[in-house]
Novice: 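Following this message is one structure expressed as structure tokens.
We're numbering straight along the sequence, starting at 1. Read the numbers this way: they start at 1 and go in the same order the structure lists the ligands and their atoms. All values derive from a computational prediction rather than experimental measurement. Reckoned from all heavy atoms, side chains included, excluding hydrogens, waters and symmetry mates.
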Amino acid sequence: MPRAPRSLVSGDVRRHNLTLVLEHLVAAGPSARSEIAAATGLTRGAVTALATALSEAGVVREAEPTQTGRGRPITRLALAADTVAVLVVQVDADTATALLANLAGDELHRVERRHGRPMGDPEAVLDVLAEVTRDALRAAAMLGRRVVETPVVVFAPVGGEPPVVLADTDLGWGVVDLLDGLRSRVPELPAAVTLASDGWLAARAERSLLDDIDDLVYVKSNSGIGGAIITGGRIVEGAHGVGASLGHLALIPDGPSCECGQIGCLVTIAGPDALLERAGLTRLVGDRGLAAALDEFSRRLDAGEPAATAAWNDALPWIARALQVLSLATDPSSIVIGGFWAAHAGSIERAFRANRPAVAEAFGRPASAIPTVSAGRLGADAALLGAAWAARDRLLADPARLGV
Ligand SMILES: [Zn+2]
């Protein structure tokens, strides 16, 4: 193998070390140079030189010195990057959202607009998506920030190169080149635009809040049913990039036909449309949107309203069965429930635990081998935040894009 030129090697090391410093500041918050050196294993001298480069580029700044004990005041470095922003653009079954965030993931500006769910009409949805995107770009300009990453999030499977939406059953879409449609409407959109499916982003974001969980099943319902499987710290993408299509696990014998062509998919009995219909709330979707209708369903379920309760009790055994299948297939240490199901994670856990294999103990697996089931912590923003954090991580891995 030919050896890389020396200058390239040292450039790579410098970039790597810059990333170490930045990742430490993201994880630990404002830190003294000595703390950064201790945490990263870099020498004090190296940290000082890297900090100078980061300060000159405006990526970090010195916080006010703080007095600790009798020694000299400690000056800590804080992530600044006051001149850049990440713009996350998201389209779900109801709403187009544009979220402007700083590198710490804090929200700077948010625009949301309902698109009215015009089924089978991606152009109409793209028009609304373009409006919120332009609004957010204007806000970025007013804040004096350059948008350096624009992740676009859809609640649908994504595939291909360049990536396209493969199908969105909530919106009645087949293959849609969303990025091309957005770029043609918003030519001023910065170059680094990516397209990703909500389930993977949300799963990674929820996982980042847990301690040392490398094997995770994330299942959520808000538009449809989706999620992700993480095993050994990696998302199971599958051969076609559509791994963990959890809503289309065909579980129900002689069940209803699904739009995907199978019969008995989980989504046909436990998906939002099925639950809302059984609860008599279908009209509310047209009037106030899917998210509001699901909020109402949750309220009724909590209040013990008979139709909502019956709908949920019909769905619950199938949700539990899906988790049993996934649990035995992938052996996760944790199952995280997202979307509006998060509020009902307790009943999902009880249904899941009701049918665990006693044979697990015969296999010598301790009771702790049964995964924990918990509610996601990020609510409806899980995918948005996941996209912002993933974009931040891409930037930190390539500090030259921040001008360092
Ligand atoms: Zn299906």
Side-chain angles (χ1 to χ4, degrees), residues 91-94 117 119-122 125 153-160 163-176 178 195-203 217-229 235-279 281-282 285 290-291 293-294 297 311-330 335-341 344 348 351-352 383:
V91 60
D92 65 23
D94 294 321
R117 208 179 183 186
M119 294 298 283
D121 188 358
V125 175
V153 184
V154 288
F155 283 58
V158 166
V164 295
V165 178
L166 296 175
D168 189 330
T169 47
D170 292 319
L171 295 170
W173 293 0
V175 172
V176 173
L178 198 71
L195 181 68
S197 185
D198 72 303
W200 297 3
L201 296 167
V217 167
Y218 174 73
V219 58
K220 60 99 206 183
S221 179
N222 30 21
S223 39
I225 295 171
I229 295 167
I235 293 267
V236 174
E237 299 187 8
H240 312 96
V242 292
S245 298
L246 306 184
H248 298 283
L249 294 176
L251 297 170
I252 304 142
D254 305 320
S257 298
C258 180
E259 286 174 31
C260 76
Q262 301 182 139
I263 59 162
C265 291
L266 180 62
V267 72
T268 61
I269 192 155
D273 292 338
L275 292 174
L276 292 170
E277 188 185 338
R278 282 159 176 246
L281 290 168
T282 298
V285 180
L290 184 59
L294 290 174
F297 177 83
W312 186 243
N313 286 342
D314 281 349
L316 209 44
W318 301 108
I319 298 171
R321 178 160 293 190
L323 296 182
Q324 284 152 9
V325 169
L326 293 168
S327 176
L328 288 163
T330 70
I335 296 173
V336 175
I337 310 291
F340 90 96
W341 282 4
H344 310 291
I348 291 174
F352 169 69

Novice: First locate atom CD1 of Ile335, then atom CD1 of Ile348, and finally report the distance between them rounded to the nearest 0.5 Å.
Specialist: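 Here the interatomic distance stands at 10.0 Å.
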Novice: Closest approach of Leu281 and Ala293, non-hydrogen atoms and distance?
Specialist: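 Closest pair (atom of Leu281, atom of Ala293, distance): CD1-O, 4.2 Å.
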Novice: Quick one: name the protein N/O/S atoms under 2.8 Å from the Zn ion (ligand 1), chain by chain.
Specialist: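 The answer is His248 ND1, Cys258 SG, Cys260 SG, Cys265 SG.
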Novice: Main chain of Asp170, side chain of Arg117: is a donor-acceptor contact present, judged purely on distance under 3.5 Å?
Specialist: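 Confirmed, Arg117 side chain pairs with Asp170 backbone.
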Novice: Report the distance from atom CG of Asp168 to atom OG of Ser223, rounding to the nearest 0.5 Å.
Specialist: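 Answer for the CG-OG pair, Asp168 versus Ser223, is 7.0 Å.
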Novice: Return the minimal non-hydrogen interatomic distance between Ala270 and Ile319, and the atom names on each side.
Specialist: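 Scanning both residues completely, I find the closest heavy atoms to be CB-CG1, 3.8 Å.
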Novice: So, Ser197 side chain and Ala156 main chain: donor-acceptor pair closer than 3.5 Å or not?
Specialist: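 Yes; at least one donor-acceptor contact below 3.5 Å.
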